[in-house]
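See below for the structure under consideration.
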2 protein chains.
Amino acid sequence: MPSKQLAFPQAQCADCPIRHRAVCARCETDELEKLEAIKYYRSYEAGQTIVWAGDSMDFVASVVRGVASLTQTMEDGRRQMVGLLLPSDFLGRPNRESAPYDVTATTDLQLCCFRRTPFLGLMDETPHIAHRLLEMTLDELDAAREWMLLLGRKTAREKIASFLSIIARRDATLSGYGGMGEVAFDLPLTREAMADYLGLTLETVSRQMSGLKKDGVIRLEGKRHIVIPDFDILLDETGDDSDGGILS
Amino acid sequence: MPSKQLAFPQAQCADCPIRHRAVCARCETDELEKLEAIKYYRSYEAGQTIVWAGDSMDFVASVVRGVASLTQTMEDGRRQMVGLLLPSDFLGRPNRESAPYDVTATTDLQLCCFRRTPFLGLMDETPHIAHRLLEMTLDELDAAREWMLLLGRKTAREKIASFLSIIARRDATLSGYGGMGEVAFDLPLTREAMADYLGLTLETVSRQMSGLKKDGVIRLEGKRHIVIPDFDILLDETGDDSDGGILS
DNA sequence: ATTCTCACTTGATCCACATCAATGTGAGAG
DNA sequence: CTCTCACATTGATGTGGATCAAGTGAGAAT
């Protein structure tokens, strides 16, 4: 079953705005009320910086709409994205005062924030929130480690293919994907942001996208809208172990 | 203060063998007894594989002596190390049955293991263990992200210098380091393992080590014993932001 | 319409690191 | 003391992606 990776947890923020992956699903009514009390929303425009590395950060948050990215920058300007947060992802450190990296809105973005100190208190009272957070952090660690394999060992083409499959898995209208068939979605990142994600230059990203297009692996409708005629063909380009079943 | 990164948490397993970073320091006597009940030791020889990716893993553990590594392997044999565990580091996932990557002993290794299911139960009863684990996982995530910057954007020479400074910070006899002065330690990895860590080939690792030696940044006494005459000079080679204070 | 701008594409050239191929070395076995 | 084997170094050559440098095209401002 090559589609194993498509079984991705979905956001849980339907009618109740705090029903995100992080805090909830199992929350009792009174816990929800406590969360409501320390909750507020913030919106950002594409390109805006939310916090700079080293700044103090007095909230944790859940992504409601849009995409945020975590990036590290070297003195001479070299940049590497180290985290990509999509809706339902969690942002922040309950027990750390300052942010370890820049947090930027890569698209228009809405966050559901919780004030940090009271949230920390709530975690103590409510073990399942801490457990959920641990689980999410471990998932993020797994993602970071797969990303490390990508950065350290994959070719430019494989990097692009892997990136597209990651975005497709989370972002696409995956209506009825069953191993074949078309998948379509909009890229939430510029070529430059993709380059920062993948450890490439934007020129290389562009060239490889053109290459995949020329070879019929993807279609480009406009600059940002991607159509993948056959997801399995794309997966073959990722270099990933395709005999499935390895992951938990 | 360029030596900020030297303030690394020390192992806490002096006389009590389960006083590792993971579980303890704040444990009450009865909790220690419960831990004792599910605890056992295992030893491995250098090169031995502890678990293969996908295997079930019925324990979590703390590294007592030696070095373990987590590696991901692609179908065609390309390998990337994604975790390096030194004494006091934690290994495993309390609430996951199977290992997501190969775990290998890179030196002779002793683990202090806890049976997974009872450990999970203990976590529920003892919130501070869960908190400690979350904190450690977040630290590991930070380390993974710094590693991503290394893999994606640093030159071979910077990668080597960063690696040496990471190992020195954790492994060296840092008696009285204060910004200058000699630091010495043994490399716990072969050139090949270093290459897997850094996303390079072993030849490039060897060449860059020779380069640093020729430039007087390090001395090589034998193949594995490293002497760093001036740690700050090494830090200048890492490409890291040197004006300090950014990190938490 | 016209120009400006911003994101992207495409081309030509270069170089850091990979690859392929010997050669060196030192610790343990006999 | 010297064989051997695993690990490490060093050299010669090739190449994928970076770098430098023009284009292109679509939408916004004038």
Side-chain angles (χ1 to χ4, degrees), chain A residues 45-48 67 74 76-80 106-108 150-164 186-215 218-226 237 239, chain B residues 45-48 74 76-80 104 106-108 150-164 186-215 218-226 237 239:
Chain A
E45 288 177 15
Q48 232 182 319
V67 180
M74 296 171 66
D76 59 4
R78 282 177 281 175
R79 268 190 308 171
Q80 176 64 51
T106 59
T107 65
D108 289 346
L150 177 149
L151 289 171
R153 296 301 187 193
K154 289 191 181 178
T155 65
R157 176 181 257 244
E158 287 168 344
K159 285 177 175 183
I160 299 285
S162 295
F163 172 78
L164 292 177
D186 286 306
L187 285 176
L189 271 62
T190 63
R191 298 286 184 268
E192 189 181 17
M194 285 175 65
D196 285 344
Y197 185 111
L198 300 169
L200 298 171
T201 59
L202 68 92
E203 293 94 329
T204 300
V205 169
S206 186
R207 269 186 256 275
Q208 296 299 331
M209 294 280 286
S210 301
L212 288 172
K213 182 184 172 186
K214 188 168 62 66
D215 298 347
I218 61 172
R219 289 206 311 275
L220 272 162
E221 304 185 342
K223 286 167 177 177
R224 295 289 194 85
H225 191 75
I226 303 286
E237 297 283 345
Chain B
E45 289 177 14
Q48 232 182 320
M74 296 172 65
D76 58 5
R78 281 177 282 176
R79 268 190 308 171
Q80 176 64 52
T104 314
T106 58
T107 65
D108 288 346
L150 178 150
L151 289 172
R153 295 302 186 193
K154 290 191 180 178
T155 65
R157 176 181 257 243
E158 288 169 342
K159 285 177 174 183
I160 299 285
S162 296
F163 173 77
L164 292 177
D186 287 306
L187 285 176
L189 271 65
T190 63
R191 297 287 184 266
E192 189 181 16
M194 284 175 64
D196 286 344
Y197 185 110
L198 299 169
L200 298 170
T201 59
L202 69 92
E203 292 95 330
T204 299
V205 170
S206 187
R207 269 186 255 274
Q208 296 297 332
M209 295 281 286
S210 301
L212 288 172
K213 182 184 173 187
K214 187 167 64 61
D215 299 345
I218 61 172
R219 290 208 309 275
L220 272 161
E221 303 184 343
K223 288 169 177 175
R224 296 290 194 86
H225 190 75
I226 304 285
E237 297 283 346

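Because only heavy atoms are used, hydrogens play no part in the values below, and waters and symmetry mates are left out as well, while side chains stay in. Each chain gets a letter, A, B and so on, in the order the sequences are listed, and its residues count up from 1.
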inquiry  = Can you list everything that forms a ring pair (Phe, Tyr, Trp, His ring centres under 6.0 Å) with B/Phe163? Sequence neighbours excluded, please.
reply    = B/Tyr197
ask   = Per the end-axis method with five pairs at each terminus, what is the bend angle of the helix from C/dA1-D/dT30 to C/dG30-D/dC1, to 10°?
value = 30°
inquiry  = Using a 4.0 Å heavy-atom cut-off to protein, can you give one letter per nucleotide of nucleotides 20-25 of chain C, 5' to 3': B if the base is in contact, S if only the sugar-phosphate is, - if neither?
reply    = B---BB
inquiry  = Run the side chain to side chain donor-acceptor pair (under 3.5 Å) test against B/Gln48 and tell me which residues pass, sequence neighbours left out.
reply    = none
ask   = Is a donor on one side and an acceptor on the other found under 3.5 Å between the side chain of A/Lys159 and the backbone of A/Leu198?
value = yes
ask   = Does any N or O in the side chain of A/Thr107 come within less than 3.5 Å of the main-chain N or O of A/Pro188, such that one atom is a donor and the other an acceptor?
value = no
task = Please list, chain by chain and in numerical order, all residues satisfying salt bridge (charged side-chain N to carboxylate O under 4.0 Å, His left out) with A/Glu45, sequence neighbours excluded.
result = none
Whether A/Asp108 side chain and A/Ala46 backbone form a donor-acceptor pair below 3.5 Å = yes
ask   = Among A/Lys213, A/Glu221, A/Met209, whose side chain to side chain contact (heavy atoms under 4.5 Å, CB included) with A/Ile226 holds?
value = A/Met209
message = Under 4.0 Å, heavy atom to any atom of DNA chain D: which of residues 152-162 of chain B qualify?
response = none
key: Candidate nucleotides C/dA7, C/dT9, C/dA18, ranked by approach to the side chain of B/Leu200 - the nearest   = C/dA18
remark   = side chain to side chain donor-acceptor pair (under 3.5 Å) filter on B/Thr201, not counting sequence neighbours, yields B/Thr204
ask   = To the nearest 0.5 Å, how far apart are CG in A/Leu220 and CG in A/Leu212?
value = 9.0 Å
ask   = At under 4.0 Å, does any side-chain N or O of B/Thr204 touch on OP1 or OP2 of C/dA16?
value = no
query = Among all residues two or more places apart in sequence or in another chain, which pass the salt bridge (charged side-chain N to carboxylate O under 4.0 Å, His left out) test with A/Arg191?
reply = none
request  = Look at all strands and tell whether B/Ser210 reaches a base, only sugar-phosphate, or nothing, counting heavy atoms closer than 4.0 Å.
outcome  = sugar-phosphate
task = Kindly indicate, with the supporting measurements, whether the criterion side chain to side chain contact (heavy atoms under 4.5 Å, CB included) is fulfilled by B/Gln208 and B/Leu200.
result = CA-CA 11 Å; B/Gln208 296 297 332; B/Leu200 298 170; 5.6 Å; no
inquiry  = Would you compute the distance between atom CZ of B/Arg224 and atom CG of B/Leu189 and round it to the nearest 0.5 angstrom?
reply    = 7.5 Å
request  = Provide the start and end nucleotides, 5' to 3', of the part of DNA chain D that has atoms under 4.0 Å from heavy atoms of chain B.
outcome  = D/dC7 to D/dA12
task = Please identify each residue that fulfils side chain to side chain donor-acceptor pair (under 3.5 Å) with B/Lys223, with sequence neighbours left out.
result = none
request  = Send over the distance from A/Met209 CE to C/dA7 P, rounded to a whole Å.
outcome  = 16 Å
key: From CA spacing to verdict: side chain to side chain contact (heavy atoms under 4.5 Å, CB included), B/Ile218, B/Glu237   = CA-CA 11 Å; B/Ile218 61 172; B/Glu237 297 283 346; over 6 Å; no
Trace of the side chain to side chain contact (heavy atoms under 4.5 Å, CB included) decision for B/Ile160 with B/Met194 = CA-CA 8 Å; B/Ile160 299 285; B/Met194 284 175 64; 4.2 Å; yes
Atom-to-atom span, CG of A/Leu220 to C1' of C/dC8 - whole angstrom = 11 Å
request  = Looking at every strand, decide which applies to A/Gly211 at a 4.0 Å heavy-atom threshold: base, sugar-phosphate, or nothing.
outcome  = nothing
remark   = Within residues 189-197 of chain B, those residues having any heavy atom closer than 4.0 Å to DNA chain C are none
key: Contacts of B/Arg78 that satisfy side chain to side chain donor-acceptor pair (under 3.5 Å) - sequence neighbours left out   = A/Glu158, B/Asp76
